[in-house]
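Down below is the structure, laid out as structure tokens.
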Amino acid sequence: MADDTSKNANEPSVSKDFIRQKVDADLASGKYDGVVTRFPPEPNGYLHIGHTKAIALSFGLAKEYGGVTHLRFDDTNPLTEDTSYVESIEEDIRWLGYDWGDRLHYTSDYFEQLYDWAVKLIEKGVAYVCHLSDEEIREYRGTVKEAGVDSPYRDRSVEENLADFAKMRDGGYKDGEVTLRAKIDMSNANMKMRDPLMYRVRHAHHHNTGDKWCIYPMYDWAHGQSDAIEGITHSLCTLEFENNNELYRWFLEQLEVPTPPEQTEFARLGMTYTVMSKRKLLELVEKGLVGGWDDPRLPTISGLRRRGYTPTAIKTLIERTGIAKANSTVDMGMLEWAIREDLNYIAPRKMAVLHPLKVTITNYPEGQSEELEAINNPERAEDGTRMVPFSGELYLEREDFMEDPPRKFFRLAPGREVRLRYAFFITCNEAVKDDNGEVIELKCTYDPATRGGDAPDGRKVKATLHWVSANHAVDMEVRNYDRLFNVENPLEAQYKDDWLQTLNPDSLEVLTGVKGEPSLAEMKAGDNCQFERKGYFCMDQDSKPGAPVFNRTVTLRDSWAKIQKKGGKK
RNA sequence: UGGGGUGUCGCCAAGUGGUUAAGGCAGCGGUUUUUGGGGCCGCUAUACGAAGGUUCGAAUCCUUCCACCCCAACCA
């Protein structure tokens with residue numbers, strides 16, 4: 001008993017979300033024998049963190065119930081889709097740690113079957129070829145408050161429809177000239193049921209089927225049927241498809257699928273200070289407002305990866321925000337908490353001085369240097385230690401010195417003694433200034449007896465600072481990222497028309513001449529680390545040998561900044 | 001002629017007629033600390049969109065109302 005409690009002490013109290021409860025019920029009632037889910041991305045953009053919710057749900061659920069998950073590219077619109085997106089999507093899902101095995105499918109694999117089924121519906125008298133133009137179709141559809149009007153082509157004979165549909169497939173019609181529609185109910189309160197389109201004519205090259213087809217199925221006609229073909233049991237999608245559910249069931253019923261899949265909708269993930277729509281992300285990319293789909297400021301999987309986020313952190317966020325039906329916007333702070341939690345445990349510590357201030361240790365033997373032992377990760381003793389060079393010329397962080405410090409400032413100041421991490425206590429004797437009164441150098445003395453960071457006489461210091469030996473330092477570039485937008489929801493009505501005006505002009509700060517400890521030169525692109533006292537950083541792919549570039553993933557929590565803020569308010 | 005959904009702490013989110021209304025994030029105290037990090041301890045909704053009602057008992061049931069989201073692409 002006691003063991004159980006302690007073992008689960010750090011686990012969130014878990015209660016099953018409504019989808020898992022439904023699966024339990026479905027299995028208990030014998031509706032389904034097992035669980036088969038699918039993740040059905042359209043290859044027209046990069047995956048973002050919102051998709052991760054759907055991915056984690058579908059893959060995670062199946063795994064929990066001993067089932068499997070299919071990856072199915074929903075490639076029914078050749079105009080917007082492309083193979084390059086297929087590749088990035090596969091890479092991102094794999095990186096997140098999910099495996100679809102040999103269950104890789106394309107909706108286009110089913111075009112022939114879908115065509116045959118469409119013929120079946122025509123034969124049943126519940127589908128017809130319609131010669132109305134897109135404008136006319138819209139007019140005949142009515143509005144949410146008014147019933148629609150039947151198409152004049154609605155009651156043509158089965159033979160006529162069959163012949164016409166064959167002509168559609170054979171290229172006998174131009175784009176937009178005709179459609180195949182389901183014959184349902186033009187006055188249905190659910191707009192999706194007003195004789196929805198099943199096929200449209202598109203003389204376009206498809207990335208998978210080439211020029212084989214000139215008619216392409218619409219989402220509603222393709223999706224549920226593809227689910228049925230694959231034996232999907234639980235088809236999970238986001239809330240905006242709730243209205244499509246009735247149609248999803250209608251098609252399956254018409255086709256008399258023996259054990260039809262069921263669609264269940266959940267709320268998509270929204271996050272503050274960003275946008276999550278593929279259309280908006282595409283706009284940011286195409287207008288060059290960010291560096292590409294993998295810009296570290298973007299909520300895309302590839303952007304987060306480059307920023308230094310780990311699959312663990314992303315999945316932790318998804319787990320902790322849960323699955324429900326209420327539209328929600330999760331605070332970006334929760335994502336930051338998730339990555340800090342993971343990186344605190346796994347990221348090796350390093351010392352790097354972002355804004356260097358030169359320091360001369362006046363009583364340190366000139367030309368000499370020595371190596372000091374530093375702990376790689378205080379959270380994991382097994383990660384061991386490394387040696388860091390120390391000398392009489394160092395760099396300290398500019399903001400760690402104040403000539404005239406306020407009450408709560410513990411760091412270096414004239415006459416004050418502080419500890420250099422893993423090294424010595426130093427005391428500041430003089431601040432050298434330039435003609436403008438700017439402090440350009442500090443002259444300090446060190447206490448050789450404090451080697452390693454403890455004073456034999458037991459005296460204490462209030463601060464421990466990070467530092468880098470000047471002659472041993474690696475010159476680096478650091479990219480400090482901040483939120484992409486200045487407002488929580490850039491798409492809110494009040495900004496609607498020019499949401500781009502809410503972009504944060506300071507979302508990227510490039511620091512050059514950053515001084516890092518020598519071991520930083522050994523890191524590889526994609527490696528995470530913590531710059532002590534500053535934050536978590538990830539080596540960028542733009543790094544060159546001897547010229548590393550680091551992306552700031554997230555800062556450390558900073559209670560000094562809070563104190564300063566409070567003081568400022570007063 | 002409208003229909004479909006959703007409303008529980010600043011942000012997520014449990015709760016399924018009887019609980020002191022979980023938990024996480026954020027916040028606030030304290031403690032520990034060679035990262036002002038992290039850890040640990042504690043505090044933080046008499047209140048469940050609102051108003052009525054049913055009941056010994058309601059966030060949970062009923063009624064009415066309010067707010068927000070989705071649907072009128074040959075997008076998904």
Side-chain angles (χ1 to χ4, degrees), chain A residues 11-17 21 40-42 44 74 76-77 79-80 130 132-134 137-139 141-148 175-179 181 187-194 197-202 216 218-220 222-223 237-246 265 267 269 272 278-279 317 319-338 340-341 344-345 349 351 374-375 378-379 408-411 419-423 452-454 460-466 488 530-535 555-563:
Chain A
E11 297 296 313
S13 67
V14 284
S15 50
K16 286 193 175 178
D17 56 67
Q21 288 178 27
E42 184 188 9
N44 68 345
D74 207 356
T76 57
N77 186 359
L79 266 27
T80 57
C130 182
L132 253 25
S133 69
D134 59 345
I137 286 175
R138 207 176 314 128
E139 282 164 10
R141 191 149 36 213
T143 70
V144 291
K145 302 218 179 204
E146 297 162 286
D175 287 8
E177 204 174 351
V178 290
T179 56
R181 305 177 68 175
S187 63
N188 199 299
N190 180 353
M191 299 292 290
K192 299 285 182 196
M193 299 297 277
R194 318 243 268 222
L197 271 54
M198 294 169 67
Y199 279 94
R200 75 284 221 193
V201 179
R202 285 267 176 285
Y216 291 94
M218 301 290 290
Y219 167 83
D220 286 300
H223 202 86
C237 66
T238 45
L239 252 28
E240 67 270 27
F241 291 100
E242 279 177 319
N243 298 314
N244 303 253
N245 201 326
E246 188 178 359
E265 310 86 13
L269 175 70
T272 55
K278 274 198 270 189
R279 210 193 139 280
L317 174 88
E319 277 165 28
R320 301 302 266 259
T321 51
I323 305 294
K325 294 197 74 157
N327 278 312
S328 63
T329 305
V330 172
D331 196 313
M332 191 57 90
M334 187 131 21
L335 213 211
E336 296 182 346
W337 160 78
R340 285 191 188 107
E341 179 171 84
N344 175 50
Y345 188 62
R349 270 55 170 178
M351 289 197 286
I375 294 166
E379 304 297 321
K408 288 182 174 166
F409 184 84
F410 304 151
R411 283 109 95 146
R419 172 170 37 236
L420 296 187
R421 189 141 162 92
Y422 301 123
D454 283 306
K460 302 289 182 198
V461 289
K462 292 193 83 173
T464 300
L465 308 183
H466 60 100
E488 286 198 4
Q530 181 195 105
F531 291 167
E532 295 224 27
R533 306 207 304 132
K534 300 311 300 181
T555 60
L556 253 26
R557 293 185 74 211
D558 188 350
S559 58
W560 167 236
K562 274 183 204 165
I563 291 167

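Every chain is numbered from 1, with letters handed out A, B, ... down the list of sequences.
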Can you tell me the pairing partner of [N] across any strand shown, Watson-Crick or G-U wobble, with both distances under 3.5 angstrom?
{"N": "rC68(B)", "value": "rG5(B)"}
{"N": "rC61(B)", "value": "rG53(B)"}
{"N": "rC48(B)", "value": "none"}
{"N": "rC25(B)", "value": "rG10(B)"}
{"N": "rC75(B)", "value": "none"}

Report the distance from atom [atom1] of [X] to atom [atom2] of [N], rounded to the nearest whole Å.
{"X": "W337(A)", "N": "rA26(B)", "atom1": "CH2", "atom2": "C1'", "value": "12 Å"}
{"X": "E336(A)", "N": "rG27(B)", "atom1": "CD", "atom2": "C1'", "value": "15 Å"}
{"X": "N188(A)", "N": "rG2(B)", "atom1": "CG", "atom2": "C1'", "value": "10 Å"}
{"X": "N245(A)", "N": "rG3(B)", "atom1": "CG", "atom2": "C1'", "value": "14 Å"}
{"X": "Y422(A)", "N": "rU33(B)", "atom1": "OH", "atom2": "C1'", "value": "12 Å"}
{"X": "K325(A)", "N": "rG5(B)", "atom1": "NZ", "atom2": "C1'", "value": "6 Å"}
{"X": "D558(A)", "N": "rA26(B)", "atom1": "CG", "atom2": "C1'", "value": "16 Å"}
{"X": "R411(A)", "N": "rU35(B)", "atom1": "CZ", "atom2": "C1'", "value": "11 Å"}

Rounded to whole angstrom, note down the [atom1] distance from [N] over to [M].
{"N": "rG2(B)", "M": "rA21(B)", "atom1": "P", "answer": "43 Å"}
{"N": "rA51(B)", "M": "rG7(B)", "atom1": "C1'", "answer": "16 Å"}
{"N": "rA47(B)", "M": "rG37(B)", "atom1": "C1'", "answer": "36 Å"}
{"N": "rC61(B)", "M": "rU16(B)", "atom1": "C1'", "answer": "12 Å"}
{"N": "rG5(B)", "M": "rG49(B)", "atom1": "C1'", "answer": "15 Å"}
{"N": "rC70(B)", "M": "rG42(B)", "atom1": "P", "answer": "43 Å"}
{"N": "rG4(B)", "M": "rU64(B)", "atom1": "P", "answer": "14 Å"}
{"N": "rC48(B)", "M": "rU32(B)", "atom1": "C1'", "answer": "39 Å"}

Checking only heavy atoms, does the side chain of R557(A) share a donor-acceptor pair with the base of rG36(B) at less than 3.5 Å?
no
Counting only distance, no hydrogens or angles, is the base of rG37(B) paired donor-acceptor with the side chain of E379(A) under 3.5 Å?
yes
Using a 4.0 Å heavy-atom cut-off across all strands, classify [X] as base, sugar-phosphate, or nothing.
{"X": "A147(A)", "value": "base"}
{"X": "K562(A)", "value": "sugar-phosphate"}
{"X": "Q530(A)", "value": "base"}
{"X": "F531(A)", "value": "nothing"}
{"X": "E265(A)", "value": "nothing"}

With sequence neighbours left out, write down each residue that passes side-chain contact (heavy atoms from CB on, under 4.5 Å) with [X], or none if nothing qualifies.
{"X": "D134(A)", "result": "R138(A)"}
{"X": "S328(A)", "result": "none"}
{"X": "T238(A)", "result": "E240(A), F241(A), F266(A), R268(A)"}
{"X": "V330(A)", "result": "L269(A), M271(A), L317(A), T321(A), M334(A)"}

For a quick test of reading the model: is some side-chain N or O of [X] closer than 4.0 Å to OP1 or OP2 of [N]?
{"X": "R533(A)", "N": "rG36(B)", "answer": "yes"}
{"X": "Q21(A)", "N": "rA14(B)", "answer": "no"}
{"X": "S559(A)", "N": "rG37(B)", "answer": "yes"}

Can you tell me if [X] uses its side chain to pair, donor with acceptor, with the backbone of [Y] under 3.5 Å?
{"X": "R194(A)", "Y": "N188(A)", "result": "yes"}
{"X": "N243(A)", "Y": "N190(A)", "result": "no"}
{"X": "R320(A)", "Y": "L335(A)", "result": "no"}

Glycosidic torsion of rA73(B) (syn if within 90° of 0, anti otherwise) classifies it as syn
Sorted by position of nearest nucleotide on RNA chain B, 5' first, the leading residue of E246(A) and T329(A) is E246(A)
Return whichever of V330(A) or D17(A) has its heavy-atom-nearest nucleotide of RNA chain B closer to the 5' end.
V330(A)
With rounding to the nearest 0.5 Å, note down the distance linking CD1 in I137(A) to CZ in R181(A).
5.0 Å
Along nucleotides 71-76 of chain B, 5' to 3', which nucleotides get a B, which get an S, and which get a -, given that the test is a protein heavy-atom distance under 4.0 Å?
BBSBSB
Note, L556(A) side chain near Q530(A) side chain (heavy atom, < 4.5 Å):
yes
The salt bridge (Lys or Arg N to Asp or Glu O under 4.0 Å) partners of K325(A) (sequence neighbours excluded) come to E242(A), E265(A)
Which of these nucleotides, rG24(B), rC69(B), rG36(B), is closest to any side-chain atom of N327(A)?
rC69(B)
